[in-house]
Amino acid sequence: MMLVDAFAGKRLLLGVTGGIAAYKAAELARLLIKAGIDVQVVMTESACRFIGAVTFQALTGNKVFTALWDADMANGMAHIGLSREADALLIAPASADFIAKIAHGLADDLLSTLCLARNCPLLIAPAMNLQMWENAATRRNLDILRQDGITVFGPDSGYQACGETGAGRMLEPENLLHRIQHFFQLEYLAGKRVLITAGPTFEAIDVVRGLTNRSSGKMGIAMAQAALAAGAQVTLICGPVGLPLPPVQKCIHVISADEMFAAVKAEVDNSDIFISVAAVADYRPAEYHSSKLKKTEAAMMLTLIPNPDILQYVASLPEPPFCVGFAAETEAVEQYAEEKRRRKKLPLIIANNAAEAIGADVSALVLLDEEGTHYLPQADKYAQARIIMAHIARLHETQKGKSA
Ligand code: C5P
C-alpha cells in the first residue's frame, strides 16, 4: 500500500516585504519546504534590499518573482496566475506600510496586486518597530484586515533590531510553520494525546561511567514534531540527547530505562497513542557503585540484569493505548520485526536497518501491521515521521471503529 505525506501538494505563496525580519523568511521557506509544502516566493522591491532573491530561489527550487512586469508567466499576468496556483498567500514579514496598502486595496507592485487579485486565503505575519505597531493608524489598518477575514499571526514581543523592546517582532519561523500547518487543517490528531519515548537510555555503573547506545533521538523528536503538526497534545519522554526539542505540551527528561519506565507508567493513562521510539537499554548493571571504581590490572566482570520492556508492559495493559514500536535490526529486518510485533501484541511496528539508521538524518523504513508491509524509501526523518503519523492516525481510527 502506498503511504502518502498529508502536506505533499500543498502550495504556499510566500510574500516577503521590506523589513529586517526578511532574513527570517529564508529560514521559514526552508522549514516549509522541509515540511513538504511547495513554496513560491514573491518579494517587494524593498525586501530585495534586505535579502537576495537568489537565497529564496536556492531554498525553494522555484523562480522568485519581484516585479509586476515579470514576463515569465505564460500570459504575462503573474498577479493573477500565482495566486490561482496557491492554497494560501502568507506575507512574512508584513511591514506597516504593506499592511496599510492591503487594508486600503492599493496595488502598485506585484505583491500588493497579488493580494488584491487573489482567490486564496491571505495570512500575514506583521513585523515592525514597537511604536509603529502601536500607532493608531496601524491599529486601524489591522482592524480592517481582520474584518476582511485576513488571518494575522503574531506579532511577538521582545528585543527588536532597532534596540527597543516590545511588541512587533515577527513570530519565529518554527512558530509560523506550526500555524501554517494548523491553517491547512491537517490536524487529523486534534484532541488526541500522544505519548512518545525518544533517545537512548544511560545505565550507570558508577558515578561517572555507564552503558548506553548510539541512538541520537532524531527519529523520536521527528515523531514528536509530526504529532504536533497533526494537532496532537504531545508528551515526550526523552533520554539523554543533545538536540533541541520541539515545543511539545509536556517534556520529561530521563536518564535510565527504569526512570523512563516510571515516567511512562505515570503518563500512559492520559494517552490515546503510545509511540515507543526510544532505544531502551536491554540490560543494566546489577550493582551501582556510588564512588568511582578504581582501575586495576585484573579483568573486570560486570553482571547485567534485564531492564523492563516498557512497550510490552504498555501493550499488555487491560486497556492499552494504540501502541507503536520501532525495531532496529541488522539482519532479517522484516522477519525479526514482525516476530516482535506479534510477541509484543502491537498493531504497528516500524523497522529499519540499525547499521544505516542510527544517528543519521535519513532512513529507509518498513512498516508492518495487520494490513501487511509498507515500504518507505530513504528520506529525511521528519518527512518519514509525517507519513508514519498519518498512517498511525488512520490505523487508530480503524481500530476504534472496530471496537465501537
Ligand atoms: O525488542 P526490541 O528492543 O528490539 O524492541 C524494540 C521496541 O521496544 C522499541 O519500540 C523500543 O522502544 C521498545 N522497548 C522498550 N523497552 C525495552 C526495550 C525496547 O519499550 N526495554
Side-chain angles (χ1 to χ4, degrees), residues 194-204 210-224 226-227 234-241 252-269 271 273-286 304-317 320-359 363 365-369 374 376 381 384-385 388-389 391-392 395-396:
V194 178
L195 179 63
I196 300 175
T197 62
T201 65
F202 178 88
E203 312 298 323
L211 300 174
T212 188
N213 58 64
R214 287 173 50 214
S215 162
S216 63
K218 283 178 188 164
M219 194 67 210
I221 289 170
M223 290 300 288
V234 183
T235 298
L236 178 63
I237 301 176
C238 202
V241 296
I252 304 171
H253 294 275
V254 296
I255 304 285
S256 66
D258 253 349
E259 282 174 29
M260 188 171 274
F261 193 26
V264 168
K265 281 201 265 189
E267 295 296 325
V268 73
D269 287 345
S271 57
I273 296 171
F274 174 53
I275 309 175
S276 185
V277 197
V280 186
D282 292 319
Y283 297 92
R284 67 174 179 276
L304 300 177
I305 53 171
N307 269 329
D309 192 309
I310 305 172
L311 178 58
Q312 192 149 356
Y313 165 87
V314 174
S316 313
L317 287 170
F322 184 88
C323 287
V324 179
F326 273 72
E329 307 290 349
T330 47
E331 60 215 35
V333 175
E334 283 173 48
Q335 184 200 328
Y336 286 149
E338 181 60 14
E339 280 169 20
K340 252 174 223 179
R341 188 179 82 81
R342 290 178 187 276
R343 190 176 67 246
K344 301 197 188 194
K345 298 190 188 68
L346 309 174
L348 171 67
I349 199 159
I350 296 142
N352 60 16
N353 190 316
E356 289 165 9
I358 285 246
S363 68
L365 299 171
V366 47
L367 283 70
L368 301 151
D369 58 31
H374 321 271
L376 286 182
K381 285 184 177 172
Q384 302 275 26
I388 297 169
M389 203 54 74
H391 188 62
I392 291 174
L395 291 181
H396 177 46

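All ligand and atom numbering here is 1-based and tracks the order in the structure. Note that the coordinates shown come from a computational prediction; the quantities given were computed from them, not determined experimentally.
Residue D282 approaches ligand 1 through these ligand atoms, each under 4.0 Å from one of its heavy atoms: 3 (O), 18 (C). Taking every heavy atom of P308 and a limit of under 4.0 angstrom, the matching atoms of ligand 1 come to 16 (N), 17 (C), 21 (N). Within ligand 1, counting atoms from 1 as listed, the ones closer than 4.0 Å to a heavy atom of K344 are 1 (O), 2 (P), 5 (O), 6 (C), 7 (C), 8 (O), 19 (C). Close approach to K340 involves these atoms of ligand 1, each under 4.0 Å from a residue heavy atom: 1 (O), 2 (P), 4 (O), 5 (O). Within ligand 1, the atoms closer than 4.0 Å to a non-hydrogen atom of G325 are 10 (O), numbered from 1 in the order shown. Atoms of ligand 1 lying under 4.0 Å from at least one heavy atom of F326, given by number and element, are 6 (C), 7 (C), 9 (C), 10 (O).
Residue, atom and distance of the protein heavy atom nearest to atom 17 (C) of ligand 1 are V280 CB, 3.5 Å. Regarding atom 11 (C) of ligand 1, its nearest protein heavy-atom neighbour is A278 O, 3.3 Å. When only non-hydrogen protein atoms are considered, atom 16 (N) of ligand 1 lies nearest to I310 N, 3.0 Å.
No option in F261, F274, F326 other than F274 meets the side chain to side chain contact (heavy atoms under 4.5 Å, CB included) test with T197.
The shortest N/O to N/O separation between L311 and ligand 1 falls below 3.5 Å.
Atom CD of residue Q312 and atom CG of residue L317 lie 11.5 Å apart, to the nearest 0.5 angstrom.
Looking at I349 against ligand 1, nothing comes within 4.0 Å, counting heavy atoms.
The heavy atom nearest to atom 12 (O) of ligand 1, considering only C323, S215, S276, G220, is found in S276.
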